Amino acid sequence: MRAIVVNRNGGPEVLEPAEREDPVPGPGEVLIDLAASGVNYIDVYFRTGAYKQATPFVPGQEGAGTVAAVGEGVTGVAPGDRVAWQGVLGSYAQRAVVPADQTVPVPDDLSLEDAAASLLQGMTAHYLTHSTYAVRPGDTVLVHAAAGGMGLLLTQIAKLRGARVIGTVSTPEKERLAREAGADEIVGYDGFASEVRRLTGGEGVAVVYDGVGAATFDGSLESLRPRGTLALYGAASGKVPPFDPQRLNPAGSLFLTRPTLAHYTLTREELLERASAVYGWIAKGELRLHVGQRYDLADARRAHEDLEGRRTTGKLLLLP
Ligand code: NDP
């Protein structure tokens with residue numbers, strides 16, 4: 001099969017197309033023929049070595065496709081089933097082996113491309129808005145990188161929950177997309193905290209969803225109302241330096257959390273509940289997906305260059 005292999009950590013150039021043996025499903029595993037593989041910022045952290053993984057490895061941890069074979073002891077998933085998964089490495093390939101209990105069924109009315117485009121980021125946006133901080137009607141929330149994969153979903157879901165959304169973006173085209181997704185106010189990154197104060201009559205926002213990290217962290221804290229929550233869920237601009245928790249006190253008894261999807265899909269029930277909420281919104285037309293760019297699998301390098309170069313909007317897919 002065709003796959004992308006990382007033989008050493010580094011820049012996008014270490015994403016090398018290669019021919020590999022088809023993987024074989026072991027006990028409890030299924031073999032999936034991929035229709036699409038989702039590109040996520042976490043793939044950059046694995047590629048660079050910020051997140052550790054022994055080399056060589058096939059990167060990517062989100063995909064959807066058709067079950068080709070099942071290993072010993074697998075029940076509830078059968079050859080021919082349409083499934084999606086996230087959180088297991090190996091999706092930058094034509095075939096992948098995944099534990100059966102990590103797969104979720106794809107409803108008949110959802111294309112496999114849309115299933116791959118929405119599972120990881122959709123469930124993340126779901127837990128951030130429903131569990132990390134449960135957005136309430138009337139809240140004002142700040143969403144960084146509002147035209148990104150996460151940003152467009154967070155914006156729409158916060159609006160579904162009745163919030164007023166302020167978004168940050170870097171270009172007019174990204175502003176247009178974020179507004180289409182429902183953002184009420186858009187600001188640039190320079191001096192965004194004072195803009196947020198102005199737009200909230202001095203009060204600050206209930207929650208900041210910050211996947212940008214180093215470049216926005218201080219301003220995000222400055223944007224919160226008393227007892228507000230900073231959900232620092234990523235580091236697209238780099239890791240936040242060591243931090244003195246005492247800073248949370250004068251700033252308003254703030255809450256700081258660094259959440260990750262694995263801890264919000266701890267049981268199979270929780271995984272299926274979040275996945276079906278996301279797929280349900282898409283089926284009802286309440287959540288619109290924006291796949292900004294599709295690449296051939298062999299062009300994974302270009303996909304990462306575009307993602308890190310801030311040239312993408314919405315979701316990126318690799319097509320095997
Ligand atoms: P995006 O589509 O949001 O792409 C990243 C965006 O970040 C860029 O388009 C850019 O938007 C903005 N950005 C700001 N500064 C920089 C910079 N210096 N370098 C690169 N980008 C920058 O990516 P994803 O939706 O895949 O991921 C967004 C974040 O969410 C990542 O940090 C990711 O790790 C995190 N994440 C966390 C999860 C979790 O459970 N914790 C799960 C899923 C994602 P602009 O040009 O408008 O500034």
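This chain uses plain numbering: 1 for the first residue, then up along the sequence. In this text the structure is predicted, and so the values were computed from the model without any measurement. One-based numbering, in listed order, for ligands and for the atoms of each.
- The proximity of Gln121 to ligand 1, defined as any non-hydrogen pair under 4.0 Å, is limited to the side chain.
- Side-chain contact, Asp109 with Tyr279: no donor N or O sits under 3.5 Å from an acceptor N or O.
- Aromatic rings of Tyr264 and His126 (six-membered ring for Trp) have centroids beyond the 6.0 Å cut-off, not under it.
- In terms of protein heavy-atom proximity, atom 3 (O) of ligand 1 is nearest to Gly148 CA, 3.6 Å.
- Note on Arg179 versus Glu185: no salt bridge recorded, every NZ/NE/NH1/NH2 to OD/OE distance being 4.0 Å or above.
- Contact annotation for Thr124 and ligand 1: only side-chain heavy atoms (C-beta onward) come within less than 4.0 Å of the ligand.
- Protein heavy atom closest to atom 23 (O) of ligand 1, with residue, atom name and distance, is Tyr41 CD1, 3.6 Å.
- Between Asp296 and Arg2, at least one side-chain N (NZ, or NE/NH1/NH2) sits under 4.0 Å from a carboxylate O, which counts as a salt bridge.
- Side chains of Asn40 and Glu62: a donor on one and an acceptor on the other come within 3.5 Å.
- Using a 4.0 Å heavy-atom cutoff, Lys315 is absent from the residues neighbouring ligand 1.
- Among protein heavy atoms, atom 44 (C) of ligand 1 sits closest to Met150 CG, 3.8 Å.
- Atom 47 (O) of ligand 1 has Ser170 N, 3.2 Å as its closest protein atom, hydrogens excluded (heavy atom only).
- A salt bridge links Arg47 with Glu308; the closest basic N to acidic carboxylate O contact falls under 4.0 Å.
- Counting only non-hydrogen atoms, the option in Gly238, Gly149, Gly292 that gets closest to atom 2 (O) of ligand 1 is Gly149.
- Judged by the shortest distance from any of its heavy atoms, Tyr45 lies inside the 4.0 Å radius around the atoms of ligand 1.
- The distance from ligand 1 to the heavy atoms of Gly211 drops below 4.0 Å at these ligand atoms: 29 (C), 31 (C), 32 (O).
- At least one heavy atom of Ala235 sits less than 4.0 Å from an atom of ligand 1.
- If you check which protein heavy atom lies closest to atom 12 (C) of ligand 1, you get Ala145 CB, 3.7 Å.
- Of all the heavy atoms of Leu120, the ones lying under 4.0 Å from any atom of ligand 1 belong exclusively to the side chain.
- The residues Arg95 and Asp22 are annotated as salt-bridged, a charged nitrogen and a carboxylate oxygen being separated by less than 4.0 angstrom.
- Here the shortest heavy-atom distance to atom 9 (O) of ligand 1, taken over Glu175, His263, Lys174, belongs to Lys174.
- Atoms of ligand 1 lying under 4.0 Å from any heavy atom of Glu308, numbered from 1 in the order shown and given with element: 19 (N), 20 (C).
- At a threshold of 4.0 Å, the pair Glu173-Arg176 counts as salt-bridged, since one of the basic side-chain nitrogens sits closer than that to a carboxylate oxygen.
- Look at Arg164 and Asp184 and you find no salt bridge, because none of the NZ, NE, NH1 or NH2 atoms lies under 4.0 Å from a carboxylate O.
- Put simply, part of Pro259 is less than 4.0 Å from ligand 1, judged by heavy atoms.
- Those atoms of ligand 1 with a heavy atom of Val169 less than 4.0 angstrom away are 47 (O).
- Each of the following atoms of ligand 1 lies closer than 4.0 Å to a heavy atom of Tyr127: 39 (C), 40 (O), 41 (N).
- Near Val212, meaning under 4.0 Å from any of its heavy atoms, are these atoms of ligand 1: 14 (C), 15 (N).
- Scored by the ring pair (Phe, Tyr, Trp, His ring centres under 6.0 Å) test, Tyr51 finds Tyr45, Phe46 as partners (sequence neighbours excluded).
- A side-chain donor from one of His130 and Arg161 sits under 3.5 Å from a side-chain acceptor of the other.
- With salt bridges taken as basic N to acidic carboxylate O contacts below 4.0 Å, none links Arg294 and Asp299.
- With hydrogens left out, the protein atom closest to atom 19 (N) of ligand 1 is Ala236 O, 3.4 Å, a heavy atom.
- For the pair Asp114 and Arg288, the salt-bridge criterion is not met [side-chain N within less than 4.0 Å of a carboxylate O].
- Under a 4.0 Å criterion applied to the non-hydrogen atoms of Leu307, ligand 1 contributes the atoms 4 (O).
- Closest to atom 37 (C) of ligand 1, if we only count protein heavy atoms, is Tyr233 O, 2.9 Å.
- Near Tyr189, meaning under 4.0 Å from any of its heavy atoms, are these atoms of ligand 1: 45 (P), 47 (O), 48 (O).
- Every residue two or more places apart in sequence or in another chain was checked for a ring pair (Phe, Tyr, Trp, His ring centres under 6.0 Å) with Tyr295, and none qualifies.
- Per-residue contacts place Arg258 under 4.0 angstrom from the following atoms of ligand 1 (heavy atoms of the residue considered): 41 (N).
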